[in-house]
Amino acid sequence: MIGYFSAFVLYAMVWAMVFLIGLQIGHDTQGDRGERIRGTHWDSPAEFRLGRRVLWATLISFVIWAPLVWVIVSGMVGIDDLRWITGRPAFG
């Protein structure tokens, strides 16, 4: 059975990966728009909208996380199965 803390750590890992990928998507630079603000680089984002990116990362992460937790809790895949998939001998 997966513990609450383990489930939270799994969600945090999924969220971090989704968030870092999402930072690169749909992003216009100041150089693309030709509207460079003094003191910034041409590759700086024109509009960042951090709250929107956090919200999308949270929603997408939940959609990915929920099936992962279900597979772990249901026992469909155990540690011995994962060791077999990676080519390592099973415990015991």
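Residue numbers start at 1 and run along the sequence shown.
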Same hydrophobic cluster for [X] and [Y], using side-chain heavy-atom links shorter than 4.5 Å among ILVMFWY?
X	Y	result
Phe62	Val54	yes
Leu20	Leu10	yes
Val18	Ile21	no

Inset, instruction - For the residue pair Phe19 and Trp15, categorise the inter-ring angle as parallel (less than 30°), tilted (30 to 60°) or perpendicular (more than 60°). - result: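 Judged by the thresholds at 30° and 60°, the geometry between Phe19 and Trp15 is parallel.
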Inset, instruction - Please report the shortest heavy-atom distance between Trp65 and Ala7, naming the atom on each side. - result: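 In terms of heavy atoms, the two residues are closest at NE1-O, 3.1 Å.
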Legend entry - Arg83 versus Pro89, closest heavy-atom pair with distance: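 Heavy-atom minimum between the residues: NE-O, 2.8 Å.
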Inset, instruction - Taking the side chain as every heavy atom from C-beta outward, state whether Phe48 and Leu23 have any pair of such atoms under 4.5 Å apart. - result: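 Yes; the side chains approach each other to less than 4.5 Å.
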Legend entry - Within-4.5 Å side-chain heavy-atom neighbours: Thr58 and Tyr11: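 The answer is yes, as the side chains (C-beta and beyond) meet within the 4.5 Å cut-off.
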Measure the [atom1]-[atom2] distance between [X] and [Y] for me, rounded to the nearest 0.5 Å.
X	Y	atom1	atom2	answer
Leu59	Ile64	CG	CD1	11.5 Å
Met13	Ser61	CE	OG	12.0 Å
Arg36	Trp42	CZ	CH2	6.0 Å

Inset, instruction - Apply salt bridge (charged side-chain N to carboxylate O under 4.0 Å, His left out) to the pair Arg33 and Glu47, showing each step before the final yes or no. - result: CA-CA 11 Å; Arg33 293 188 179 180; Glu47 294 178 18; 3.2 Å; yes
Inset, instruction - Report the residues that fulfil salt bridge (charged side-chain N to carboxylate O under 4.0 Å, His left out) with Glu35, sequence neighbours left out, ordered by chain and then residue number. - result: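 Here no residue qualifies.
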Legend entry - Sidechain-backbone polar pair: Gln30 side chain, Ile37 backbone, donor-acceptor under 3.5 Å: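 Between the backbone of Ile37 and the side chain of Gln30 there is a qualifying donor-acceptor contact (under 3.5 Å).
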Legend entry - Any residue meeting side-chain hydrogen bond (donor to acceptor under 3.5 Å, both in side chains) with Asp32, in chain and number order, not counting sequence neighbours: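 Asp32 satisfies side-chain hydrogen bond (donor to acceptor under 3.5 Å, both in side chains) with Thr29 once adjacent residues are dropped.
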Legend entry - Connected-component partners of Val77 among ILVMFWY, side-chain separation under 4.5 Å: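 Besides Val77, the cluster holds Trp70, Val71, Met76, Leu82.
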